[in-house]
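Everything on this sheet refers to the single structure shown next.
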Amino acid sequence: MSPERRWARVALCALVAAILYLPGLGRPALWEPDEGRYAEIAREMVVAADYVTPRDDWEPYFEKPPLVYWANAAAIRLFGANEFAARIPSALFTVGEVAATAAIADAMFGAAAGLLAALALALSPLVFGFARFASLDPALAFFLTAALGSFYAAARAPDFGGGAGRRWFLLAAAMLALGTLAKGPVALALGGGVALVWLLGEGRGRDIARIPFLSCAVVYAAIVVPWFALAEHRNPGFLGFFFIHEHLQRFLESREHGWGPYFFIPVVIGGTWPWILFVPLGVREMMRPSANDDAENRAARVSALRFLVTWFTVIFIFFSIPRSKLGSYALPMLPPLAIAAGYALLRLDAIGAARVRRMVAACAAANAVVAIAAIAIVWAFNEKANLNFAVAADATVIAAAFMLGALAALILARGGARPAAAVGALAATMLVVLMLGERLRADAAPTYRRLAAAVQPYLRPGCVLASYRHYIQSLPFYTQVRETRVEYRGEIGEFVPQSAIREPSSAFMIGKESRLREVWGSGACMVLIVNQRDLPPLMSTLTPAPVAIGCEGKKVAVYNGAAAPGAHPPDCGNPSARALWPRERATWHRGHAPVPSGRHL
């Protein structure tokens with residue numbers, strides 16, 4: 001297939017990825033805390049019509065730049081404040097990452113390699129999972145992939161630094177600027193680091209001086225500077241907080257989400273399974289001469305391999321340095337692995353049936369071991385922790401599908417079928433497993449949509465919605481009521497502008513339990529969200545006696561008025577909560593106040 005048809009093939013990959021990621025996107029409730037936070041920040045932008053200062057629970061929140069919030073806000077304006085609107089930007093950014101990966105692999109190794117690389121990336125568990133999760137990282141992964149693809153096209157252009165090469169450099173600068181607005185200066189550091197290390201490794205250090213840095217800087221600044229300047233103007237002190245506290249200090253000092261330097265090894269292996277098994281073979285095949293291969297083609301292929309290795313290695317090392325790590329940080333390092341896996345899949349017929357059978361057998365054996373271990377761990381933990389039965393059942397079904405799919409691939413390979421048939425069986429298995437994983441997520445995720453629905457009827461105008469020693473990020477999104485925090489601050493309010501905040505936050509902070517008792521007993525309406533472990537000492541001190549109006553997970557909503565007519569004691573739907581309930585009531589009765597009758601706690 002000709003390069004002229006490349007964009008049609010890329011569009012086809014994007015369409016297939018969209019079909020994978022969009023259906024049922026809004027079905028699960030928002031996962032705490034990240035999805036609730038990003039959805040609520042975008043909703044508050046829409047409500048306030050202020051797209052310069054991000055706010056969480058109506059306090060300035062400058063931990064991250066605003067581009068993804070803008071995308072979420074646009075979706076909310078189109079589709080309303082719901083889960084679909086909160087997640088569709090992540091899905092579309094991931095579609096873009098798949099398409100960009102297909103384009104890069106197509107340019108490097110041909111049309112078939114591009115299609116297979118897109119398949120490997122789209123059906124990688126980590127990519128699939130975050131495509132359906134409201135997060136900032138899919139945006140960074142897309143813009144960084146597009147930037148590196150544009151840089152590679154510029155570097156391979158005959159007129160490096162001028163003509164078509166210059167246009168590709170300007171596009172790369174624009175993509176890095178958008179990546180900066182999505183996640184911060186990490187986009188520029190990673191994109192620039194990969195480009196410079198690869199050029200030096202290629203012995204092209206002199207070409208660095210030919211890069212149109214001035215034009216690229218103008219494009220980058222034109223996109224990035226306006227928001228940063230406006231944010232600093234409206235919130236003096238923002239720039240220092242953002243660059244020093246949120247990026248430099250967190251990179252060097254943060255212990256949040258602390259992990260060792262090898263954290264991303266299991267993340268990458270599990271996040272790209274089973275395609276990671278084909279990566280070494282793809283690297284080997286890129287280095288080997290093939291039939292009708294001339295020196296120029298082989299040199300270009302090896303150069304492309306070095307670019308992919310540099311891409312993965314620089315990002316892997318960069319994110320492995322700080323102790324603070326999240327699995328989603330691996331997303332930008334997966335496209336080069338998918339391209340290597342796609343090239344291996346392209347070469348399976350040339351590799352030989354015996355080698356393919358050995359690879360599929362290794363995959364089947366590994367799947368079987370992982371599946372059996374997962375089933376044993378899930379059920380042992382379920383019995384010990386008394387988890388939701390649906391979670392254990394979902395995990396069992398997924399493990400069984402995982403094992404049976406690999407077995408089917410092995411049977412096809414052993415039966416003499418073409419290698420493509422065995423690979424097709426693996427791809428179908430991953431599709432089934434990933435779709436089943438969505439059901440597991442819905443059953444296992446920490447969410448509070450039901451809790452929000454339970455308290456909503458009590459939140460008449462002027463009623464206080466409060467959380468005791470915690471903050472539920474999604475509660476303001478679902479209820480559209482500002483949440484008062486009792487003896488808790490957390491991330492919210494870390495940034496305090498040097499000038500006065502227009503709306504003081506003190507009215508929405510209760511710093512002492514004595515003040516909580518005053519508000520509770522003042523006669524004003526109040527709904528309080530409490531962790532079950534905090535119920536015994538707290539409930540006996542509140543007058544009037546609290547009324548339970550809802551619960552979900554480990555949270556219970558109590559009310560300082562009368563329960564709604566016809567209401568019944570809430571059922572948390574959690575075996576551990578039901579087991580805890582009588583014991584706590586007995587504790588209050590013995591050690592504190594008498595247990596009220598009826599629907600009171």
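Note that these values count all heavy atoms, side chains included, but never hydrogens, waters or copies made by symmetry.
Using a 4.5 Å heavy-atom cutoff, the side chains of I529 and Y468 are not in contact. Put simply, the side chain of L516 reaches to within 4.5 Å of the side chain of L528, judged on heavy atoms. At a threshold of 4.5 Å between non-hydrogen side-chain atoms, the residues I265 and V268 do not count as touching. Residues F228 and F243 form a side-chain contact, since some pair of their non-hydrogen atoms from C-beta on lies under 4.5 Å apart. By the 4.5 Å heavy-atom criterion applied to side chains, W70 and P89 are not counted as neighbours.
If you look at F62 and F242, their ring centroids are not closer than 6.0 Å. Ring centroid separation for the pair F238 and W227 comes in under the 6.0 Å cut-off. Between Y329 and F316, the distance from one ring center to the other does not fall under 6.0 angstrom.
Remark: Y51 pairs with no residue by the ring-ring contact (aromatic ring centres under 6.0 Å, His included) rule, at least two apart or across chains. With sequence neighbours excluded, the residues forming a side-chain contact (heavy atoms from CB on, under 4.5 Å) with A91 are Y21, L22, L25, listed by chain and number. Residues forming a side-chain contact (heavy atoms from CB on, under 4.5 Å) with F142 (at least two apart in sequence, or on another chain): F93, E97, A146. For R517, the salt bridge (charged side-chain N to carboxylate O under 4.0 Å, His left out) test picks out E513, with sequence neighbours left out. In this view, R77 satisfies the side chain to side chain donor-acceptor pair (under 3.5 Å) rule with no residue, not counting sequence neighbours. Residues satisfying the salt bridge (charged side-chain N to carboxylate O under 4.0 Å, His left out) test with E40, not counting sequence neighbours, are R43. Looking at residues two or more places apart in sequence or on another chain, you find no salt bridge (charged side-chain N to carboxylate O under 4.0 Å, His left out) involving R27. For Y220, there are no ring-ring contact (aromatic ring centres under 6.0 Å, His included) partners two or more places apart in sequence or in a different chain. In this structure T53 satisfies the side chain to side chain donor-acceptor pair (under 3.5 Å) test together with N235, sequence neighbours excluded. Here V267 pairs with L126, F263, F264, A330 under the side-chain contact (heavy atoms from CB on, under 4.5 Å) rule; sequence neighbours left out.
Proximity of a side-chain donor or acceptor of D50 to a complementary backbone N or O of M45 within less than 3.5 Å is not detected. The main-chain N or O of F133 is found under 3.5 Å from a side-chain atom of S90 such that the two form a donor-acceptor pair. Remark: the backbone N or O of I510 is not paired with any side-chain donor or acceptor of E487 at under 3.5 angstrom. Remark: the backbone N or O of D534 is not paired with any side-chain donor or acceptor of N531 at under 3.5 angstrom. In terms of modelled atom types and a separation under 3.5 Å, the side chain of W273 and the main chain of P125 share no donor-acceptor contact. The main-chain N or O of A231 is never found under 3.5 Å from a side-chain atom of H233 such that the two would form a donor-acceptor pair. Under the 3.5 Å distance criterion, the side-chain polar atoms of E83 are left unmatched by any main-chain donor or acceptor of L30. Judged by distance alone, with hydrogens and angles left aside, the side-chain atoms of Q473 form no donor-acceptor pair with the main-chain N or O of D34 at under 3.5 Å. Judged purely by atom type and a 3.5 angstrom limit, N560 uses its side chain to pair as donor or acceptor with the backbone of A524. In this structure, N72 contributes its side chain and A39 its backbone to no donor-acceptor pair below 3.5 Å.
Side-chain N/O atoms of Q456 and T479 include no donor and acceptor closer than 3.5 Å. Donor-acceptor pairing under 3.5 Å is recorded for the side chains of S474 and E32.
Here CZ of R132 is found 11.5 Å from CD1 of I88. Values are rounded to the nearest 0.5 Å.
Sorted by first and then second residue, the salt bridge (charged side-chain N to carboxylate O under 4.0 Å, His left out) pairs involving residues 66-75 (not counting sequence neighbours) form an empty list. Legend: salt bridge (charged side-chain N to carboxylate O under 4.0 Å, His left out) pairs involving residues 134-144, not counting sequence neighbours, sorted by first then second residue: D137-K183.
The cationic atom of R55 (NZ for Lys, CZ for Arg) does not lie both less than 6.0 Å from the six-membered ring centre of Y61 and within 45° of the ring axis.
With respect to R485 and E59, a salt bridge is recorded, a charged nitrogen being found less than 4.0 Å from a carboxylate O.
Under the side-chain contact (heavy atoms from CB on, under 4.5 Å) rule, K555 has a single partner from V530, I472, L475, which is I472.
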